[in-house]
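Accompanying notes for the structure given below.
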Amino acid sequence: MCIRDRFRHSVKNMYIGIVPLIAVIALAAPAVIHYVYAGKYDDSVILVYIFLAASLVKPVGYVAGIILSACGHIRLDNRNCWIAAMVNIVVNYFLIPRYGVIGAAIASVLSFMVLTVLHYFSMRKNIFTI
């Protein structure tokens, strides 16, 4: 089995586990937060949904990052992480003053997505083309 097939298989298996879990959390979060905190934090449910959005792209980035490192491209992995961290800092700078904690959550999700895209294209360019 080639690396491309292992990548697809690994991501598929992660989604098999993650998608049902995301569905359960998405459905249960409002009720659980309401009952556990007696309605005090009902507005925070939106944060759960924002972070669940990141969970939909995270498996691809995670597996791609592992493959990059395993194939000796740790420098690319580190570069991608630094770029995503800088994106997070810049987006936080603009969103937190206006949107508060929701802005911080959006910035985190954007940095997760940037990291995923960078890892995936780095893997495609440096490993799949071999």
Side-chain angles (χ1 to χ4, degrees):
M1 184 179 273
C2 71
I3 293 176
R4 186 182 312 244
D5 293 335
R6 290 201 185 273
F7 170 76
R8 288 181 183 144
H9 186 71
S10 297
V11 170
K12 180 186 79 168
N13 286 340
M14 288 182 78
Y15 277 122
I16 288 171
I18 286 175
V19 169
L21 184 62
I22 289 172
V24 168
I25 292 171
L27 293 173
V32 169
I33 290 173
H34 179 75
Y35 291 120
V36 169
Y37 297 106
K40 187 176 178 183
Y41 298 110
D42 285 350
D43 293 342
S44 67
V45 172
I46 188 70
L47 296 173
V48 174
Y49 293 135
I50 291 170
F51 283 114
L52 287 177
S55 300
L56 294 174
V57 298
K58 198 69 178 141
V60 174
Y62 178 75
V63 174
I66 295 292
I67 289 174
L68 278 173
S69 296
C71 292
H73 295 284
I74 295 171
R75 179 177 242 166
L76 288 174
D77 181 33
N78 287 335
R79 181 205 66 187
N80 295 343
C81 289
W82 277 106
I83 292 171
M86 292 301 116
V87 166
N88 190 312
I89 290 169
V90 169
V91 175
N92 272 319
Y93 178 78
F94 289 108
L95 292 183
I96 289 177
R98 183 172 173 110
Y99 299 107
V101 71
I102 292 176
I106 291 169
S108 295
V109 169
L110 284 174
S111 67
F112 290 148
M113 290 180 181
V114 166
L115 182 61
T116 295
V117 168
L118 290 172
H119 274 350
Y120 179 74
F121 284 113
S122 295
M123 181 186 63
R124 267 185 68 180
K125 180 181 177 190
N126 294 288
I127 296 169
F128 287 173
T129 58
I130 299 173

| query | In terms of heavy-atom contacts, does OH of Y62 have more than 12 from other residues, nucleotides or ligands at under 6.0 Å? | reply | no
| Atom CD1 of I83 and atom NE2 of H119: how far apart are they, to the nearest 0.5 Å? | 10.5 Å
| request: Please check if I89 and L95 belong to a single hydrophobic cluster, counting links between Ile, Leu, Val, Met, Phe, Trp and Tyr side chain heavy atoms closer than 4.5 Å. | output: no
| query | Under a single-linkage definition using a 4.5 Å side-chain heavy-atom cutoff for Ile, Leu, Val, Met, Phe, Trp and Tyr, are W82 and V87 assigned to the same hydrophobic cluster? | reply | no
| message | Restricting to ring pair (Phe, Tyr, Trp, His ring centres under 6.0 Å), what partner residues turn up for Y41, sequence neighbours left out? | response | Y37
| said: When you group the ILVMFWY residues by side-chain heavy-atom contacts below 4.5 Å and let the links chain together, are I46 and I25 in the same group? | reply: no
| field | OG on S69 to CG on N78, rounded to 0.5 Å | value | 7.5 Å
For residues 10-22, which side-chain N or O atoms pair as donor and acceptor with protein atoms under 3.5 Å away, sequence neighbours left out?
from: S10; atom 1: OG; to: R6; atom 2: O; distance (Å): 2.8
from: N13; atom 1: ND2; to: H9; atom 2: O; distance (Å): 3.4
from: N13; atom 1: ND2; to: H9; atom 2: NE2; distance (Å): 3.2
from: Y15; atom 1: OH; to: L56; atom 2: O; distance (Å): 2.4

| S122 and N80: which non-hydrogen atoms are nearest, and at how many Å? | OG-ND2, 3.2 Å
Could you pull out every donor-acceptor pair under 3.5 Å between side chains of residues 100-115 and any protein atom, sequence neighbours left out?
from: S108; atom 1: OG; to: A104; atom 2: O; distance (Å): 3.1
from: S111; atom 1: OG; to: N88; atom 2: ND2; distance (Å): 3.2
from: S111; atom 1: OG; to: A107; atom 2: O; distance (Å): 3.4
from: S111; atom 1: OG; to: S108; atom 2: O; distance (Å): 2.8

| note | In this structure, SG of C81 is separated from CG of L76 (nearest 0.5 Å) by 11.0 Å
| From CD1 (I67) to CG (N126), nearest 0.5 Å | 12.5 Å
| Connected via hydrophobic side-chain network under 4.5 Å: V63 and L68 | yes
| Should V48 and V36 be counted in the same cluster of Ile, Leu, Val, Met, Phe, Trp and Tyr side chains packed under 4.5 Å apart? | yes
| task | Determine the interplanar angle of the Y120 and F7 rings, folded into 0 to 90°, and report it as parallel if under 30°, tilted if 30 to 60°, perpendicular if over 60°. | result | tilted
